[in-house]
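Heads up: the structure comes next, in C-alpha cells.
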Amino acid sequence: MAGYILKRLISALPVLFGISIIVFVIMAMIPGDPATAILGSYATPENVEKLKRDLGLDKPMMQRYFIWLGNMLQGDFGRSFSLNRSVLDEVLDRFGATLILAGTSFVLCSILGIAAGVVSAARQYGLADRAITFAVLLGISIPSFFLGMMMILIFAVKLRWFPVSGMWPIYGARDLYALISHLTLPALSLAVVATGVIARLSRSAMLEVLRQDFIRTARAKGVHERSVIWRHALRAAMVSIIPVLGVQAGFVLSGAVYIEMVFQWPGVGRMLVDAILKRDILLVQGGVVFVAACYVIFNITVDVAQSLLDPRIKT
Amino acid sequence: MMAFPKLLARNRLALGGLIVMGLVVVLALITPLLPLADPDVTNTANRFKRPFSEGALLGTDHLGRDLLSRLLWGTRLSLAVGFTAAIAAATLGAAIGIIAGYYGGRIDNIIMRGVDMLMAFPYILLALAIVAALGPGLMNALIAVAAVNIPFFARNIRGITVGIAHKEFIDAARLSGMTDARIILTEVLPNVVPVIVIAISTTIGWMILETAGLSFLGLGSQPPQADLGSMLGEARSALITNPHTSVVPGAMILIIVMAINLLGDGVRDALDPRLKSGALSRPMPTTMVKRTMPVPEAKAETLLALRGLKTQFQVKDRVYKAVGGVDLQVNPGECLGLIGESGSGKSVAALSIMGLVASPPGVITGGAVYYRGEDLIDAPYEKLRSLRGNRIAYIFQDPLATLHPLYTVGDQLIEAVRAHHPFNKTEARAHAIDLLKSVRIPNAEQRVDSYPHEMSGGMRQRVGIAMALANDPEIIIADEPTTALDVTVQAQILSLLDDLRRERGLAIIFITHDFGVVAQVCDRVAVMYAGRIVEEGPTRTILNAPAHPYTARLMACVPELGQGRRELAAIQGLPPVVDKMPKGCAFAERCNKASDACRQANIELVRHGANSLVRCISPETSALEASE
Amino acid sequence: MTTVLKLTNLSKIFPVGKRLFGPPKALVRAVQPLSLSVEEGETLGIVGESGCGKSTLARMLVGLLPPSSGTIEINGEPLDNADPTLFGRKIQYVFQDPISSLNPRKTIRQIMEAPLRHLHNMSAADRGRRIAEIFAAVNLREEFLDRYPHEFSGGQAQRIGIARTLAADARILILDEPVSALDVSVQAQVLNLLANLKDEFGLTYLFISHDLAVVETVSDRVAVLYFGSVVEVGPADEVFSHPKHPYTKLLADSAPVVGRPLKAPEGRATELPNPLNPPDGCAFRVRCAYASDQCGREAPRLEKQSDGVWTACYHPLSGSK
Ligand SMILES: Nc1ncnc2c1ncn2[C@@H]1O[C@H](COP(=O)(O)OP(=O)(O)OP(=O)(O)O)[C@@H](O)[C@H]1O
Ligand code: SF4
Ligand code: SF4
Ligand SMILES: [Mg+2]
C-alpha cells in the first residue's frame, strides 16, 4: 500500500509539471504586457522597461518559465502588486477559508448524494424515487449563485436565522458557533448541485449493479435484501461512484468561487476574481497553480481510496 | 431512428421540457420583432419599478431599464452563447476522442495524458485563467467555457470509441478494403453520434449555467449588454432592497436549464437502447407473481415438483411466454437433466423455482412449485429467503460474473453460511476452508483469501459449487455450470459434481444443451422446446430411442467425435418466437411428420411407455420400444 | 495440389502493461514461432482451448494484426506486412460473433456492397448482380437486403457474414469459431452450407474451433494448438483416432460423448500455466503424465511420426487408442 501511494505521488509529478506549463502558457497569451498593466497606461516607456527587467520579462519564454518554476519550488510565488503582499501568504490565508467552505459542502454532498441515490435505486419508480428524482432535477438546474441569493433573502433577511454574509461576525467572538452559523447557508447552497449530480450517478450506478449476476447469486444464497443492497450492491457501485466524487470535489471547489462572491466569503475564489478584474497576473497565476496542485493531491487520495476498495487494481 | 420522436413524446416530462424550451427559443428568436423598450437605455428616474407597474411588466432595474426587454434580450444572448459553447466543445471533444479511441496506442496515450492534465484543474480555475489571459468579455467567456468542457467530451467519446473500435464489424470493414478515414466516418461515427447527442443534451444546461456564472462574476458580458448571468450579477447589490431584479433573471435561468435537463433526460432515455428495452430496471428481491388460473394441486409426495409453471416477460406491449406450462419433478438423490436449445426457457424455469427471475419484466403467471408439499410461488419473502441457498441452492454458468468481484471467496462462502446459521466468524471460516477442500481446491487455506479474479475459470466454478454446498442443501439447480469452461476443465468439474452428489445424496437439476453431458451425469432427462417440455424419461431411453421428432432430429445434428468427415443432419428453420406461439405443436413448422391434426389444438404431454412422457401425436417410437 | 497458404515461423508477442516510454512490463507470447502450410482446396482444422492463440493466429493471417516475426505467403507471394486491402482480396475472415460483426447502423445491402466497391471497384449494376448471385448461393432471401442486422437471428447473421466474405471473392477463408455462438440445429445448417460453398467456389478453409467433434466433421487435416504452439498436426481421422501427443489425447478423452462413462481424465486439480510466466521446456509438462526430465529442459520440436502425423513430444504415445 505504501508503495502504491508513493507510486501515485511520483506519477503526480508530471501532472504538476504539466499544470504549471498550461498556466504559464495561458498567462503568456496575455495581449500587451503585464508591466504596462501594473504601471497603468500613463507610465513612461523608461519605467516600463525598467519594470520589465525587474520582472525578468525581457528574457526568452523558456528561461522565464524555468525561473518562475524555480522560484515557486522555493516557495516564492512573487508579489501581488494590487495587494502589495507576497502571493503565497495571500493565497494561504484565503485557501483556509475556501477549504472550510468546500470541505463542508463536499462531505455534505457525498453523504446526502450517495444515500439519496441508493434509496432512489432501491425503490425504483416508488414514491421516494420520484421525490428524489424531482429534487435532484431541481438541484442540478438551479444556478448555485441564484440559490445562494435566495437563501440570503429567505433565511437571513426574512427569517433572520443566519447572518447575511461573511465568515466571522464583525464584532464578537470568533468561535465555532459563529463559524457554523456563518457557514450553514453558503455550504448548503454550494452542496446542492453536487448532491444532485452524485445522487443521479449513484442511482444509475446502483441500478447497473443490481442487474449483475453476482446480485442474483447473493439472493440465491439467501442473503437478506437489506444486505444485498447496502453490502453487495453499494460496495460494487462505489467503484464507479468514487471517481465521480473526485470530479465533484473539483466542481465544489469551482462552485465555491460563486458562493464566495455571493456570501462575501474571504476565500481564494473571490481573490482570483478580484485579481482578474485588476489584472494582477502574478496573483492569478499563483492562486491557480496552488489550488490545482491541492486538487491533484486530493485526487491521489481518491485513487488510493479506490484501490483500497477494489482488489482488482494492482497496488 | 424513426421511433425517436415517438419515444420522446411518450415521456411526458421530456415533452413538457420540449414545450417550455420551444417557447423560450421562439421568444428568443422573435425578440427583435417584439415591441419592447430598448434594453440598454437608462432612465434613472424610473429605477426599481416593481413588477406589473405601468409600462414595465416586470419592473425596471437599478438604472431604470425595462426588465422584460432586458430579460428577453439576455435570454437570447445566454442561449446563443450556451449552445455555441456546447456545440463547439462537443465537436472538438468528439473529434479528439474519436481519434484517440480509434487509433489507440501512442496517439491515444499522448492525447489522453493531455486531457488528464486539463482535467486535473478544477474546471473553473482553467476558465478563470483563460479569461484572465484574454480579458473579460462574453466571447472570451464562451471560449473559456467551451475549452474547459472539451476534455469531458473527449474522454467520454473516447471511451465509447474504444469499445466500438474493437467490435468485429470494424475488422470486417477493414477486410472489405475500407480506409481508416472511411471507417471512422461511416462505421464509427454513426455509432458514436447518439452518444454525442446524449452528451450534448445532458451538458448543455450545464454550459448555460457556466457562462451565466462567468457573467455573474463580471467576467462575461460587459455592460451595457447583458446576458442572464450579468443581469443577476448587477442585481446582487440590490438583492435585499429590490429582490425582483434578481428573481427575474434567476428564475429564467432556472426555467431554461430545467427544461433543457428534462429534455436531455428524455433524449437520453430515447436513444439508450438499454432503457428502451426496460433493461435498466432494478430486479426485485423476488419474482412478481400474478396467478390468474387456479393453482394446480401437489401430486404425490416428491421432493420438488413444478406443476404447470408459467413465466413470462412483459416488455413494452409484447409478452414473451418464456415458460409456458412446465411440469417437472425431482426425487431425492436424483439427477434430472434439462436440455434444450438457447431461448427454450430452461434458465427461466429454473430461476422461477426460487423466485429469482428478474422482475420487472418477469412475472410468474401460473402454476406452482412444491417443495415437500409446500407451494413456493407466492410464499412470503422471508420464507423463500430461508430456503434459498439453504435447502435449494444454485450454481450458475459464468463463474466470473456470478461471484462478487470485491469480496474474497472466503467472505462470500462465510456469508452463505451465516445467512442461515448463527456461526461465529472463526467457525464459519473453518467451514469455508472445509468447503473449498471438499471441492478439491488445492491450498484451500491460502485460497480462501483470494479474490475471484485471481483464480482460473475452473477454480472459480469450484468456488461456485462450494457455495452451493455451504448449507448442505437437498437440491442443487445447476444452470449450465460447465458451458463457459474448456473441455478439459469441464471434465474435471463434471466428475466432481457427480462424486459430490453420490456422497451427499443430492438431488440435482442439471441444465445443459449438450447431450454428451446429459449422458454422463443425468439419471433422467427432460427436453424443452419453446418454453415447454416435449419429452421426458430415463436418460438411456431418450438417448437410445428418442420418441419426440424434435429430440430425435436435434440429436442427429450433434457432431460426435470418431465419425470422421461427413454431412450433418440439420433442422431447417428456427424455433418460434415466444411472443407469437403457434396454436398446436410448436415444432410443427419444422417437423417432417407434421399433419393438420398437429396444428389444430394443443398437444398434451402424455405417458409413452413405462417411464417416459412425450408431447407428440405421432412419436418416433412405439410405446413398447420406449419401455425397453 | 499446390500450397496456397504458407506460414513460416510466424509468431506474435503482446506487450502487457505498456508505458508511454520505455519497455513494457511483461511480454505474452500468444503465438510461438510456428510453421504450417495449407493445400489448395483442403480444410485445415485448428483446435485448442481458450487462450491458446487461435484467434491471434487467425487475425495475423488476414492482416488485422502485424506478426512479431515470420512470413505469410499466399500462392507463393509474401504478404506479411501488407495492409488489409491487399489481404482482403486473397484471404477473408468469418467472425465468431455473427451479430457484432455487422454494423448495427448499416443495412445488409450497405454491408454487402463494401467489399465489392472497395476491393473490386465494381459499378452499381454489377454490384447488384453479384449480391443476388451470392445471396442465392447462401440461401438468403433478397428482401433481407434492406433490413438492419438486429432483425436477424444468429444463424441468419452468420450466413450474411459468410456472404460478405464471398463478396470479397477471396479463395481462402479463415473461419474463426464460426458456429460456436450458434445452437446445434443451426450449427448443422451453417456447417453444411460451408461444405457446399467450398465445393461450389473451390475454396480453401482454415477452420478454427474449440470443439473437436465439429472440427472432425469438416476437416481434412487438423493442427492442435497448445499455448501458442502446434503440438500435433496431421490427417484428421489419424489425429483423432490415434492421438500421439498427450495433450491431444486429453482433449479427445475430455469431450463428453454419449455412451462413454464419466471419468476425470486428469486426476489432480490442475491449473493451466500462466501465460506471463510459462514453464520451461514443454508447456504441457505440468499436466502431462508422461513427463520426464528431458521435457523440462527444452521445448520439443515437431517431428514426423510414421504416418504423416507430426508431433511435438519427446514421448509420443504409441498408435493404439
Ligand atoms: N429479462 C428478460 N426480458 C425479456 N425476455 C427474456 C428475459 N430473460 C429471458 N427472456 C426470454 O425468455 C426466453 C427463455 O430464455 P431462457 O434464458 O430461459 O432460455 P435458455 O433455455 O436458458 O437459453 P440458453 O441456453 O441461451 O441459456 C427467451 O426467449 C428469452 O429471450
Ligand atoms: S405433434 Fe406433429 S408436428 Fe408436433 S412433433 Fe409430433 S408429429 Fe411433429
Ligand atoms: S514432451 Fe514430455 S511433457 Fe511434453 S507432452 Fe511430451 S511427454 Fe508430455
Ligand atoms: Mg440459460
Side-chain angles (χ1 to χ4, degrees), chain B residues 106 109-110 113 167-169 171-179 182 186-187 190-191 341-342 440-442 456-459 462 486-488 490-492 494-496 498 513-521 543 553-554 557-572 574, chain C residues 20 49-50 62 64 84-85 87-88 92-93 95 97 100-105 114-115 118-119 153 155 164 168 183-189 191-192 195 210 212-214 216-220 236-237 240-241 250-266 269 271-272:
Chain B
R106 192 149 285 172
N109 220 323
I110 290 170
R113 291 284 163 108
K167 284 267 167 67
E168 297 186 329
F169 67 80
D171 288 336
R174 218 168 271 157
L175 290 173
S176 298
M178 292 193 191
T179 56
R182 191 181 284 276
T186 68
E187 307 281 327
N191 285 291
E341 288 182 277
S342 182
R440 303 194 199 126
I441 288 186
S456 68
M459 286 301 147
R462 285 167 200 262
D486 278 325
V487 265
T488 53
Q490 162 169 301
Q492 295 171 5
L494 286 180
S495 74
L496 171 69
D498 202 55
H513 57 253
D514 189 331
F515 281 104
V517 171
V518 164
Q520 290 187 332
V521 299
L543 293 183
R553 299 200 35 211
L554 188 62
C557 292
V558 182
E560 251 178 53
L561 203 56
Q563 301 186 337
R565 252 194 92 164
R566 67 189 186 285
E567 172 127 354
L568 293 165
I571 311 180
Q572 288 315 313
L574 294 171
Chain C
L20 194 53
E49 293 180 285
S50 62
V62 289
L64 288 172
T85 323
F87 274 97
Q92 276 289 341
Y93 192 91
F95 295 88
D97 183 347
S100 85
S101 69
L102 305 174
N103 186 343
R105 295 190 185 269
H118 302 296
L119 292 174
S153 69
R164 169 176 53 198
D183 267 323
V184 263
S185 70
V186 182
Q187 161 180 308
Q189 292 169 15
L191 288 176
N192 289 342
H210 68 274
L212 265 65
V214 167
E216 193 195 22
T217 56
V218 298
S219 307
D220 303 302
D237 42 1
F240 286 127
S241 56
L250 172 65
L251 270 185
D253 288 351
S254 298
V257 171
V258 177
R260 188 165 70 195
L262 179 64
K263 69 168 166 73
E266 283 175 289
E271 282 190 71
L272 298 180

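Just so it is clear: chains get the letters A, B, ... in the order the sequence lines come, proteins before strands, and each one is counted from 1.
Only the side chain of B/R182 comes within less than 4.5 Å of a heavy atom of chain C; its backbone N, CA, C and O stay farther away. For a residue to count as touching a neighbouring chain, one of its non-hydrogen atoms must lie under 4.5 Å from one of that chain's; by this rule C/L212 touches chain B with backbone and side chain alike. Only the backbone of C/S219 comes within less than 4.5 Å of a heavy atom in chain B; its side chain stays farther off. With a 4.5 angstrom heavy-atom cutoff, B/V518 does not touch chain C via any of its atoms. Interface residue B/L543: only side-chain heavy atoms are found under 4.5 Å from chain C. Both the backbone and the side chain of B/N191 come within contact range of chain C, with heavy atoms under 4.5 Å apart. Only the backbone of B/A569 has a heavy atom closer than 4.5 Å to any heavy atom of chain C. Contact annotation for C/A236: neither backbone nor side-chain heavy atoms come within less than 4.5 Å of a heavy atom of chain B. Residue contact with chain C, scored on non-hydrogen atoms closer than 4.5 Å, involves the backbone and the side chain of B/T186 alike. The parts of B/E187 that come within reach of chain C are both its backbone and its side chain, each placing non-hydrogen atoms under 4.5 angstrom from that chain. Using a 4.5 Å cut-off between heavy atoms, C/N192 contacts chain B through its side chain alone, with no backbone atom that close. For C/V218, the part lying near chain B is the backbone, with the side chain staying farther off; criterion is any non-hydrogen pair under 4.5 Å.
Counting all heavy atoms, side chain and backbone alike, C/D183 lies closest to B/E341 at CB-OE2, 3.2 Å. Of all heavy-atom pairs between C/S185 and B/A570, the closest is O-CB, 4.3 Å. Residues B/M178 and C/A114 share a closest heavy-atom pair of CE-CB, 3.5 Å. Of all non-hydrogen atoms in C/S254 and B/V487, the two that sit nearest each other are CB-O, 3.6 Å. The shortest non-hydrogen separation linking B/P559 to C/A213 is O-CB, 3.3 Å.
Residue C/F95 holds its CZ atom at 5.0 Å from CG of B/D171, rounded to the nearest 0.5 Å. Taken to the nearest 0.5 Å, the CD atom of B/E168 stands 13.0 Å off from the CG atom of C/N103.
Residues meeting the ring pair (Phe, Tyr, Trp, His ring centres under 6.0 Å) test with B/F169, sequence neighbours left out: none. Under the salt bridge (Lys or Arg N to Asp or Glu O under 4.0 Å) criterion, B/D498 pairs with B/R501, B/R502, not counting sequence neighbours.
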(request) Please test B/R174 against C/L64 for side-chain contact (heavy atoms from CB on, under 4.5 Å), starting from the C-alpha separation and ending with a verdict. (result) CA-CA 8 Å; B/R174 218 168 271 157; C/L64 288 172; 4.0 Å; yes
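Within the 4.5 Å cutoff, no side-chain heavy atoms of B/C557 are placed close to those of C/Q187.
Side-chain atoms of C/Q189 come within 3.5 Å of backbone atoms of B/I571 as a donor-acceptor pair (strictly under, hydrogens ignored). A donor-acceptor contact shorter than 3.5 Å links the side chain of C/Q92 to the backbone of B/L175.
Interface remark: of the candidates C/A195, C/A168, C/G155, C/P104, C/P104 forms the most heavy-atom pairs closer than 4.5 Å to chain B. Looking only at heavy-atom pairs under 4.5 Å with chain C, the residue among B/A173, B/S176, B/G458 that has the most is B/S176.
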